[in-house]
Participant: 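Have a look at this one.
Naming convention: chains lettered A, B, ... in sequence-line order (proteins, then strands); numbering from 1 in each chain. Please read all numbers here as calculations on a predicted model, not as lab measurements.
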2 protein chains.
Amino acid sequence: MRGYDAVDRSLLTALAADPRATVVALADRLELSRNTVQARMSRLEASGAFLSFERSIDPVPLGFPLEAFISVHVQQKRLADVVDEIAEIPEVIQAHGLSGSVDLLVRVVCRDAHDLFRIDRDILAIDGVERTETSLAMGELIPFRLRPLLDRRG
Amino acid sequence: MRGYDAVDRSLLTALAADPRATVVALADRLELSRNTVQARMSRLEASGAFLSFERSIDPVPLGFPLEAFISVHVQQKRLADVVDEIAEIPEVIQAHGLSGSVDLLVRVVCRDAHDLFRIDRDILAIDGVERTETSLAMGELIPFRLRPLLDRRG
DNA sequence: ACGAGGACTGGGCAACATGCTCAATCGTCC
DNA sequence: GGACGATTGAGCATGTTGCCCAGTCCTCGT
């Protein structure tokens with residue numbers, strides 16, 4: 001299933017406003033019948049509209065107040081191995097392969113600056129890694145959001 | 001409330017495995033009483049452990065298969081204004097302020113390359129923006145995860 | 001204009017979940 | 001020992017879920 005209609009989008013929006021809303025509550029708010037909401041929800045679920053719930057957990061109260069992005073330059077041929085090794089570091093919470101001069105954008109959280117230093121060192125020590133550049137995230141200036149996208153006509 | 005104990009972490013882990021699990025189901029799985037789970041959940045909720053549900057929605061089925069990171073160099077003094085203007089672009093789903101040579105790391109999704117080109121142009125046109133560098137995300141090589149962190153001793 | 005297919009609706013029903021309260025138990029800390 | 005907080009099991013009224021059904025409404029293609 002690709003592309004959602006207005007009903008799907010408003011369902012997602014309503015869910016964003018209240019993630020644990022019941023089907024009945026959603027039906028009420030959207031002025032749809034309970035059956036419709038139930039059917040839509042199963043379809044959304046089945047179509048893979050939802051990512052892991054882990055994305056909705058805040059690392060800060062877990063004790064990781066610092067976030068950083070580490071740009072990694074890699075010997076291309078060893079990219080897969082490098083990724084495997086980076087994945088072993090628990091503080092790495094995400095990594096994207098990029099086009100362009102930087103090969104890998106690694107997102108990490110840590111307890112303090114010392115922690116970050118260590119993680120960077122660990123990545124540099126990996127065979128195939130040529131260079132890294134660490135940027136401390138000073139804040140999420142635009143917090144993750146999909147609403148503007150959801151609110152537009154599809 | 002800062003810092004969760006083992007019970008909190010296993011609750012979060014269990015929730016990650018099944019985001020819409022009922023309190024009863026969680027109690028079962030963790031071999032806790034229903035009351036305990038209910039109490040913990042309210043505390044987690046109240047302590048701000050959960051981020052917006054939007055983070056758990058996949059932009060791809062919404063019709064945005066392409067993701068990119070745009071590094072933005074800004075005249076420092078105008079940073080706030082630049083962020084405000086960037087926030088007007090719906091395809092911008094997140095932005096971090098960074099330490100280092102890049103001031104702003106903007107995460108965007110788009111329908112196609114043409115779309116991306118337009119967004120980059122829009123950002124460049126903003127007063128106070130000096131330079132941008134666009135990197136297309138070739139894939140989420142390490143999908144967002146907190147489990148390794150959750151699984152460790154707190 | 002007709003019928004078919006799909007989505008939506010309202011009704012009903014049994015099984016289950018929730019939110020709440022209570023009394024009892026268990027550790028830990030002073 | 002005594003006090004405190006966390007946990008437990010029980011109970012209860014109310015709300016929710018998952019399911020099924022029949023009826024309606026739209027949109028298609030013919």
Side-chain angles (χ1 to χ4, degrees), chain A residues 1-63 146 149-154, chain B residues 1-63 146 149-154:
Chain A
M1 182 212 210
R2 77 217 82 271
Y4 301 142
D5 65 8
V7 176
D8 292 310
R9 287 197 304 271
S10 52
L11 244 178
L12 291 174
T13 308
L15 263 179
D18 179 5
R20 295 190 80 80
T22 67
V23 173
V24 183
L26 293 171
D28 252 42
R29 175 179 315 205
L30 302 185
E31 313 204 279
L32 293 170
S33 89
R34 184 170 75 89
N35 281 334
T36 304
V37 173
Q38 217 145 349
R40 293 290 186 143
M41 284 291 290
S42 335
R43 261 198 293 158
L44 286 174
E45 180 91 53
S47 72
F50 302 132
L51 297 167
S52 156
F53 172 77
E54 283 173 89
R55 300 192 190 236
S56 295
I57 301 175
D58 188 351
V60 174
L62 280 172
L146 287 179
L149 243 33
L150 288 168
D151 288 347
R152 290 203 317 191
R153 299 305 72 220
Chain B
M1 181 212 212
R2 79 216 80 272
Y4 302 142
D5 64 8
V7 176
D8 292 310
R9 288 197 304 271
S10 53
L11 244 178
L12 291 174
T13 308
L15 264 177
D18 178 5
R20 297 189 78 80
T22 67
V23 172
V24 183
L26 293 170
D28 252 41
R29 173 178 319 205
L30 302 186
E31 313 203 277
L32 293 171
S33 88
R34 185 169 74 89
N35 280 337
T36 304
V37 173
Q38 216 145 347
R40 295 289 186 144
M41 285 291 288
S42 332
R43 262 198 292 158
L44 286 174
E45 180 91 56
S47 72
F50 302 133
L51 298 167
S52 156
F53 172 78
E54 284 173 87
R55 299 194 191 235
S56 295
I57 302 175
D58 189 351
V60 173
L62 280 170
L146 287 179
L149 244 31
L150 287 168
D151 288 346
R152 290 204 316 190
R153 298 308 69 220

Participant: What is the distance from CG of B/L26 to P of D/dT8, rounded to the nearest Å?
Facilitator: 14 Å
Participant: Would you indicate which nucleotide in C/dT9, C/dT18, D/dT16 comes nearest to any side-chain atom of A/T22?
Facilitator: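 The answer is D/dT16.
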Participant: So B/R29 and B/V24, do their side chains get closer than 4.5 Å, heavy atoms only?
Facilitator: no
Participant: Could you state the atom-to-atom distance from CE of A/M41 to C1' of C/dC8 in whole Å?
Facilitator: 17 Å
Participant: Run A/L11 and A/R43 through side-chain contact (heavy atoms from CB on, under 4.5 Å) and show every step you take.
Facilitator: CA-CA 12 Å; A/L11 244 178; A/R43 261 198 293 158; over 6 Å; no
Participant: Tell me: CZ of A/R20 to C1' of D/dT17, nearest whole Å?
Facilitator: 15 Å
Participant: Starting from the C-alpha separation in whole Å, work towards a yes-or-no answer on side chain to side chain donor-acceptor pair (under 3.5 Å) for A/S33 and A/T36.
Facilitator: CA-CA 5 Å; A/S33 89; A/T36 304; 3.1 Å; yes
Participant: For A/E31 and C/dA7, what is the distance between atoms CD and C1' respectively, to the nearest whole Å?
Facilitator: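 In whole Å, C/dA7 C1' lies 18 Å from A/E31 CD.
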Participant: Return the value, rounded to whole Å, for the distance between atom CG of A/L30 and atom C1' of C/dC8.
Facilitator: 14 Å
Participant: Could you state the CD-P distance from B/Q38 to D/dA10, rounded to the nearest angstrom?
Facilitator: 16 Å
Participant: Give the rounded distance in Å between these two atoms: CZ of B/R40 and P of D/dG5.
Facilitator: 15 Å
Participant: Measure from the side chain of A/V24, starting at C-beta and using heavy atoms only, and say which of D/dT16, C/dT9, C/dA7 lies closest.
Facilitator: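 The listed nucleotide nearest to A/V24's side chain is D/dT16.
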Participant: Looking at D/dG11, does its base get a donor-acceptor pair with the side chain of B/R34 below 3.5 Å?
Facilitator: yes
Participant: B/T36 side chain N/O closer than 4.0 Å to the phosphate oxygens (OP1, OP2) of D/dT7?
Facilitator: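 No, outside the criterion.
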Participant: Tell me if the side-chain of A/N35 makes a donor-acceptor pair with the base of C/dG11, cut-off 3.5 Å, by modelled atom types.
Facilitator: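 Side chain to base: pair present.
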Participant: If you round to the nearest 0.5 Å, how far is OG of A/S56 from CZ of B/F53?
Facilitator: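 Those atoms lie 7.0 Å apart.
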